[in-house]
Each structure stands twice: as C-alpha cells, then as structure tokens.
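First the structure, in the form of structure tokens, and then the observations on it.
Protein chains get the first letters and strands the later ones, always in sequence-line order, with residue 1 at the start of each. In this text the structure is predicted, and so the values were computed from the model without any measurement.
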Number of protein chains: 2
Amino acid sequence: MVSIKDIAKQAGVSISTVSYALNNSPKVTLETKTRILAVAKELNYVPNAAARQLKKQESLIIGAFLTDFSGAFYGDLLQGMKEVVNRKGYDLIVCSGKQSHRLLPERMIDGAIILDSAFSDEELLEYADRGHRLVVLDRELRHDNINQVLLDNKAGANLAMDYLIENGHRKLYIVCGPPDSYDSRQRLTAVRQTLDRHPEVEAVFLEGDFNKASGEAAGKKILSELSGEPPGVFCLNDEMAIGLFQTVQDHGKGIGVDLSLVGFDNIDLTRYLSPRLATIEYSKHRWGAMASQQLLQMISGEQVEHERIYVSLVEGESVRPRGAES
Amino acid sequence: MVSIKDIAKQAGVSISTVSYALNNSPKVTLETKTRILAVAKELNYVPNAAARQLKKQESLIIGAFLTDFSGAFYGDLLQGMKEVVNRKGYDLIVCSGKQSHRLLPERMIDGAIILDSAFSDEELLEYADRGHRLVVLDRELRHDNINQVLLDNKAGANLAMDYLIENGHRKLYIVCGPPDSYDSRQRLTAVRQTLDRHPEVEAVFLEGDFNKASGEAAGKKILSELSGEPPGVFCLNDEMAIGLFQTVQDHGKGIGVDLSLVGFDNIDLTRYLSPRLATIEYSKHRWGAMASQQLLQMISGEQVEHERIYVSLVEGESVRPRGAES
DNA sequence: TTGTACGCGTTATCAT
DNA sequence: ATGATAACGCGTACAA
C-alpha cells in the first residue's frame with residue numbers, strides 16, 4: 001500500500017510537501033507540485049480514508065438508515081438524497097439493521113438520515129447529544145442536532161377522506177397501519193378529525209400493518225359485510241390498498257363499483273392496477289433531496305428549520321360518485 | 001469526544017491497560033478490567049472507527065454496489081447479503097454511482113460485491129491487483145482476488161424457450177435486453193442455441209432494454225402482427241414482460257389466449273398480475289447470501305470456487321397449449 | 001520546504 | 001504476572 005511516505009521518497013521531498021502538493025496548497029511551487037503529482041500517479045497512490053478521517057474528523061459520508069431493503073418504496077427517496085450529497089462532495093451509503101447503528105457513534109459517517117423505527121427516540125437523542133447531526137423522516141424529535149423533514153400526513157388523510165365523502169359515501173372503512181408508525185398515527189388522527197366534522201358519516205376501523213396481507217384480510221371482512229350503498233374504503237397506505245384491491249376483484253366484485261378505494265403514497269406499483277387507484281401523492285425524490293440538504297446545512301453549521309413535504313390527491317376510477325350527490 | 005486517554009486518566013491507569021481491558025486481554029486483572037469497563041460506560045465511551053481501522057487495516061464493512069436504488073429487484077438480494085455478513089460481525093453498506101467507487105481503493109470497506117455495470121472490467125481488475133477482494137454478480141472476470149457468483153442464465157433461457165415450444169408455439173418473439181448486460185447476452189445466447197435445435201420454429205427478435213417501456217413497445221409491435229396461431233413471447237426479464245402484458249390487455253387481447261408469455265426473474269411485481277406470469281425463478285436471497293459468503297471466505301484467506309445460482313421454471317396461465325400438441 | 005505534533009487505538013517490548 | 005512506555009498506521013497543518 002503506497003503512502004505519501006513512498007511518494008516523498010521517490011520525489012526526493014518531505015512528506016509534508018507531498019501532502020501540500022496533493023491538497024493544492026499554494027505553499028509548493030508549481031514545479032514541485034507537478035513532479036509530485038506525477039510520482040503519485042505513477043505509484044498509483046490513493047489516500048487512506050481512515051488516516052484522513054482520523055485527522056480531519058470527517059468522512060464525507062452520509063448514512064441513510066432504512067427499516068429494510070425491500071425497496072419498491074425507497075428508490076426515488078434514495079436517489080433524491082444521493083444527488084444532493086454528491087453535489088456537495090459527500091457520498092451516500094444505505095444501511096439497515098441494528099448492527100449498523102454503530103457507524104454513527106463510531107463516527108464513520110458525518111451524519112445520518114433516519115427512516116427506521118428500529119431506532120428509539122432515546123437512542124437518537126443520545127447520538128444528538130454526542131454531537132452527531134441527524135435528520136429524521138419518521139418522527140418528531142426536538143434537539144439542536146436533529147432536524148425533521150416530515151410528510152404532511154394529516155393533510156393527506158384529510159384529502160383522502162374528503163374525497164370519499166364528497167363522492168357521496170356515508171359508510172367508510174379505514175384500514176389502519178401499525179401503531180408504532182408515526183405516519184400511521186398521524187394519518188389516523190386526521191381521519192378522526194375529519195370524521196368529527198362529518199357526524200353523518202359512519203366509520204369502521206379495521207386493523208392493518210401496512211403490508212399487503214393485511215389489506216387482503218380487510219378486503220375479505222368488507223366483502224362479507226357488503227349491502228346497500230357501496231362503502232368507501234381508505235387504506236392508510238397503497239400496499240394494503242393493493243391487497244384489498246385484488247381481493248375484491250378476485251371475488252368478482254368491482255373496485256369503483258361495489259366499493260370506492262383510496263390509498264396513500266402513490267407507489268410505483270399502482271401503475272400496474274386497473275382501474276386507477278386514487279391515492280395521496282408526494283414527491284419521494286424531493287423528500288430525500290430535502291433531507292440531505294437539511295443535513296448538509298446542519299453539518300456546515302447553518303441553522304435550519306424543520307421542513308414539511310406537501311401532498312396532493314391523485315384521483316382515480318377506484319372512487320366513483322354515490323348516493324344523493326351522484 | 002471521550003477517548004481511551006480519558007478513561008485511563010479517570011481510572012488511574014495507562015492507555016494500554018485500557019485498551020487491553022476493552023479488548024478482553026488476559027493481561028489485566030479481572031479487578032482492574034471491571035473498573036475500567038465501569039469508567040468507560042460511565043463516560044459513554046465509543047471507540048473511534050477511523051483510529052481502529054487505521055491500525056488494524058480493516059473496517060469490518062462490506063460494500064454492495066448497485067446500478068441504482070430502484071429497489072423492487074434488490075430487496076431479497078441485499079437481505080441475503082446482510083444476514084451473512086452480520087453473522088460474521090461485518091456490516092453491509094449499499095452504494096450506487098461512480099462517486100462512491102472511491103470507498104474501495106481508499107479502504108473504507110474490506111470488500112465489495114458488484115452488481116453495477118458502471119464498473120468497467122479494467123477498473124475492477126485494478127482494484128483486485130491492489131489487493132481488494134471482490135465478488136462480481138454481473139460478469140465473468142478471472143483474478144485471484146475476484147470471485148463470481150452468477151445466475152445460470154443459459155439454463156433459464158432454455159427452460160423458457162422449451163416451455164413455449166412444448167406448448168406448441170411455432171412462432172416466437174424474443175424481447176431482448178440491453179447489449180451491455182451480461183445477463184442479457186447470456187440469455188440471448190441460450191435462446192439462439194435452443195432455436196438451433198428447433199429449426200421448425202420461427203423466431204423474431206425485438207429490441208429491449210430491460211425496462212417496462214420497451215416491453216410496451218414490443219407488445220404494440222407484436223399486436224400489429226397478430227394473425228393465425230397465437231405466438232409465444234419470451235421477454236428476457238419480467239419488467240418488460242409486465243409492460244407487454246398490460247399493453248396486450250389494454251388492447252383487449254388476452255394473455256395466454258392471443259399469445260403466450262414467459263418472463264425471467266420472478267420479481268415480486270408478478271404477484272400482482274392475473275393470469276399468473278410464467279417466468280424463470282431463482283432465489284435472490286440465496287444469491288446475495290452466497291456472494292457474501294464467498295467474499296468473507298476470500299477475506300479470511302480461504303480459496304473459493306466460482307458459484308452458480310440455479311434457476312427453475314415457474315409455470316403460469318400466461319402460457320397455454322396450442323396447435324398440434326394442444 | 002521541512003520537521004514534527006497530533007488524531008486514536010493496538011500491540012510489541014520492557015520494567016516492576 | 002501486571003502494567004507502563006512507546007512505536008506504529010497515515011495524512012494534516014502549524015511552527016520553524
């Protein structure tokens with residue numbers, strides 16, 4: 001492994017001169033600099049990240065921590081993060097699982113973006129206390145070293161509920177998410193608020209865990225209760241909506257006919273459904289980009305405000321007008 | 001940032017004693033060891049990865065390099081990798097993009113698994129020459145420091161082709177992948193071999209790039225030529241097959257009725273299709289696990305042989321018997 | 001331009 | 001048998 005020491009020997013200068021030359025310092029003449037660079041290239045020199053990091057106390061690496069690598073959901077998000085950090089000379093690495101948490105306190109990374117309920121609030125606060133900079137996408141946490149970039153879940157859930165109600169549905173099913181998910185809790189809170197504003201609407205809450213299977217289960221339950229006016233169904237995420245969607249179709253019933261359905265997230269998968277699934281959309285790319293931007297600003301010492309990612313309704317034929325207003 | 005020096009001061013011992021204690025060396029009394037550990041915990045000590053790495057010349061981190069983060073395809077693969085490396089005390093980080101390549105020569109990672117055509121063969125060979133250990137999943141490359149774990153693409157393509165031919169199809173369309181993809185080239189080679197064995201079969205090759213859009217384009221082309229016996233279509237990956245699938249259905253034609261369709265990869269998405277897409281399956285989890293295992297063995301100095309991931313045919317109603325043999 | 005202290009942890013060597 | 005001293009890994013940056 002060739003080090004600056006080797007270069008120094010070969011070029012007949014001291015290691016400090018080599019270091020200055022490699023770092024474009026004006027402290028060396030152009031002449032010696034070019035000679036040193038030539039030697040470095042010839043020897044195939046590559047700096048040792050650990051040594052530089054040890055001295056500079058920075059790695060130029062940002063970590064993104066995800067619950068899992070299952071992906072479908074994360075592509076755009078990570079792409080958004082990466083583009084921003086790359087532009088500033090940082091690299092993005094993606095990690096998952098408890099074991100990798102060490103990278104943060106051991107200072108392998110200069111900051112982290114968290115979308116992973118495997119981190120407890122306490123753990124994150126401890127890291128923040130140690131001086132590590134964090135951006136959280138999945139919880140509210142107040143600390144000088146923590147910034148949050150959160151979805152406007154409540155607005156989204158309101159949009160979804162209003163859409164069903166405006167289309168004349170007076171009986172609604174809500175397929176919930178896991179209680180330990182911040183997003184799920186927020187969406188549910190907004191659902192309740194909407195229902196408070198609409199006492200004429202009857203609502204039934206069904207359990208769910210954001211996975212497809214729980215959407216299927218909810219679908220069966222709803223099918224077994226079908227009677228009279230078609231109900232509206234709001235699944236708190238698209239994956240469950242897809243499970244429900246298919247269960248309904250597999251039983252010979254029609255989405256948008258025998259019931260109306262709205263999801264949340266506008267994941268890529270919905271492109272493969274027909275009729276179009278109404279859902280709540282937001283830019284995952286922007287979410288990731290914003291998170292990176294906030295993190296880098298914190299690292300460079302700037303003050304940042306918490307950010308919110310706005311959402312909008314995507315209409316679809318999975319919802320159709322009913323009753324009086326139809 | 002508390003270091004072993006702080007612990008030494010607090011505990012009234014030398015820094016080396018602290019290091020020995022933290023590393024469970026028998027060179028310190030149980031008594032002093034427990035005292036030192038207590039102090040370490042009290043001070044919230046966490047070792048500095050850069051310092052340890054600098055001395056030990058290892059980071060206990062494995063890098064997985066992917067073409068992009070788009071995910072849908074990679075979830076299981078990465079999970080397989082992670083489980084294996086975690087079990088051996090390593091962490092897995094996922095990287096994408098040219099900029100992150102530096103992590104390898106700069107020795108931030110102890111080894112890498114490559115599934116990313118953004119690496120040229122030359123670049124990889126250079127890293128291998130420098131002593132870095134690599135496992136490649138997307139090319140053949142012979143070097144003492146490179147191991148390959150490749151899909152049995154040829155067997156898969158043969159299975160797909162035979163399946164269509166056995167079901168009586170005498171006119172076949174092949175929707176190709178990008179020419180710079182190893183997997184695509186391998187599959188195409190096997191297709192040609194199968195065709196050589198079946199001179200009675202007429203084949204038409206259509207361009208494709210492994211993305212959904214190119215499957216849609218191929219679908220339109222095929223629809224415009226439909227006449228007589230339903231043809232068989234082999235898309236060299238599932239994503240294109242899905243594009244073709246939907247194009248056909250959107251035009252009022254039936255998959256398995258007006259044409260038979262086979263894909264390759266058995267990606268999750270196919271669960272959302274009806275009728276079932278016939279495709280070529282393999283364990284992505286096993287693929288990742290095998291790659292990690294091979295890499296760790298190389299790192300620990302063991303000799304390893306190249307590995308192959310076997311594939312099998314998943315039958316589906318997207319293919320139905322035709323003509324004489326039906 | 002160069003010598004050198006420093007960042008932090010590991011480990012061989014030496015002293016008690 | 002215990003534990004301290006010091007060299008080392010590699011690059012950076014201040015002082016000379």
Side-chain angles (χ1 to χ4, degrees), chain A residues 1-37 39-40 43-61 89 102-110 130-131, chain B residues 1-37 39-40 43-61 89 102-110 130-131:
Chain A
M1 295 299 109
V2 25
S3 74
I4 52 170
K5 201 184 291 184
D6 302 298
I7 302 177
K9 200 177 298 171
Q10 183 85 11
V13 293
S14 74
I15 59 164
S16 45
T17 307
V18 174
S19 179
Y20 286 130
L22 292 173
N23 290 294
N24 253 317
S25 161
K27 299 174 67 94
V28 284
T29 49
L30 180 63
E31 191 191 336
T32 41
K33 193 174 91 180
T34 44
R35 183 160 48 92
I36 288 171
L37 291 180
V39 175
L43 296 182
N44 263 317
Y45 169 76
V46 175
N48 181 308
R52 183 161 16 118
Q53 191 179 331
L54 182 56
K55 179 64 183 179
K56 307 252 300 193
Q57 304 285 23
E58 67 172 10
S59 64
L60 297 181
I61 296 175
R102 70 170 179 95
L103 299 182
L104 193 50
E106 293 185 2
R107 277 162 287 171
M108 287 269 351
I109 56 183
D110 293 345
R130 288 168 170 279
Chain B
M1 295 300 109
V2 26
S3 73
I4 53 171
K5 199 184 291 182
D6 302 297
I7 302 177
K9 199 177 298 171
Q10 183 84 9
V13 294
S14 76
I15 59 167
S16 54
T17 306
V18 174
S19 180
Y20 287 131
L22 293 173
N23 290 294
N24 253 316
S25 160
K27 297 176 64 96
V28 285
T29 344
L30 181 62
E31 191 189 334
T32 43
K33 192 174 91 180
T34 44
R35 183 161 48 92
I36 288 170
L37 291 180
V39 174
L43 296 181
N44 263 317
Y45 170 76
V46 175
N48 181 308
R52 181 162 15 116
Q53 190 180 332
L54 183 57
K55 179 65 184 179
K56 307 252 297 194
Q57 303 285 23
E58 67 172 11
S59 63
L60 297 182
I61 296 176
R102 71 170 178 97
L103 300 183
L104 193 50
E106 293 185 4
R107 276 162 288 170
M108 286 270 349
I109 56 183
D110 292 347
R130 287 169 171 278

Close side-chain approach of B:I61 to A:L103, heavy-atom, < 4.5 Å: yes
Residues in side chain to side chain contact (heavy atoms under 4.5 Å, CB included) contact with [X], at least two apart in sequence or another chain:
X     : answer
B:T34 : B:L30
B:L22 : B:I4, B:V18, B:L37, B:A40, B:Y45
B:K55 : none
B:Q57 : A:N48

Opening and closing nucleotides of DNA chain C in contact with chain B, under 4.0 Å to non-hydrogen atoms: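 Going 5' to 3' along DNA chain C, contacts run C:dC8 to C:dT13.
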How far apart are the closest heavy atoms of [X] and [Y], and which atoms are they?
X     : Y      : value
A:A11 : A:V39  : CB-CG2, 4.1 Å
A:L43 : A:Q10  : CD1-CB, 4.3 Å
A:V46 : B:R107 : O-NH2, 3.9 Å
B:A8  : B:S14  : CB-C, 3.7 Å
B:S59 : B:D110 : N-OD1, 2.8 Å
B:L54 : A:A51  : CD1-CB, 3.8 Å

From A:T17 atom OG1 to A:K27 atom NZ, the distance as rounded to the nearest 0.5 Å: 10.0 Å
Separation between CZ of A:R35 and CD1 of A:I7, rounded to the nearest 0.5 Å: 12.5 Å
Nucleic acid contacts - residues 4-12 of chain A versus DNA chain C, non-hydrogen atoms under 4.0 Å: none
Within residues 49-60 of chain B, residues whose heavy atoms come under 4.0 Å of DNA chain C: B:A51, B:R52, B:K55, B:K56
For A:T29, all residues meeting side-chain hydrogen bond (donor to acceptor under 3.5 Å, both in side chains), sequence neighbours excluded: A:T32
Those residues that, when tested against A:R130, pass side-chain hydrogen bond (donor to acceptor under 3.5 Å, both in side chains) (two or more places apart): none
A:Q53 side chain vs B:A49 backbone, donor-acceptor pair below 3.5 Å: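 Flag not set: sc A:Q53 to bb B:A49 has no pair under 3.5 Å.
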Touch class at under 4.0 angstrom, heavy-atom based, for A:V13 against every strand present: sugar-phosphate
Touch class at under 4.0 angstrom, heavy-atom based, for A:S19 against every strand present: base
Terminal axes of the helix from C:dT1-D:dA16 to C:dT16-D:dA1 (five pairs each): angle between them, nearest 10 degrees: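 Between the axes fitted at each end of the helix from C:dT1-D:dA16 to C:dT16-D:dA1 lies an angle of 60°.
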Contacting residues from residues 22-34 of chain B, given that a heavy atom lies under 4.0 angstrom of DNA chain D: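 Per residue number, the list reads B:K27, B:V28, B:T29, B:T32.
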First and last nucleotide of DNA chain D, 5' to 3', lying under 4.0 Å from heavy atoms of chain A: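 It runs D:dC10 to D:dA15.
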Side chain to side chain contact (heavy atoms under 4.5 Å, CB included) between B:V28 and B:V13, intermediate numbers included: CA-CA 11 Å; B:V28 285; B:V13 294; over 6 Å; no
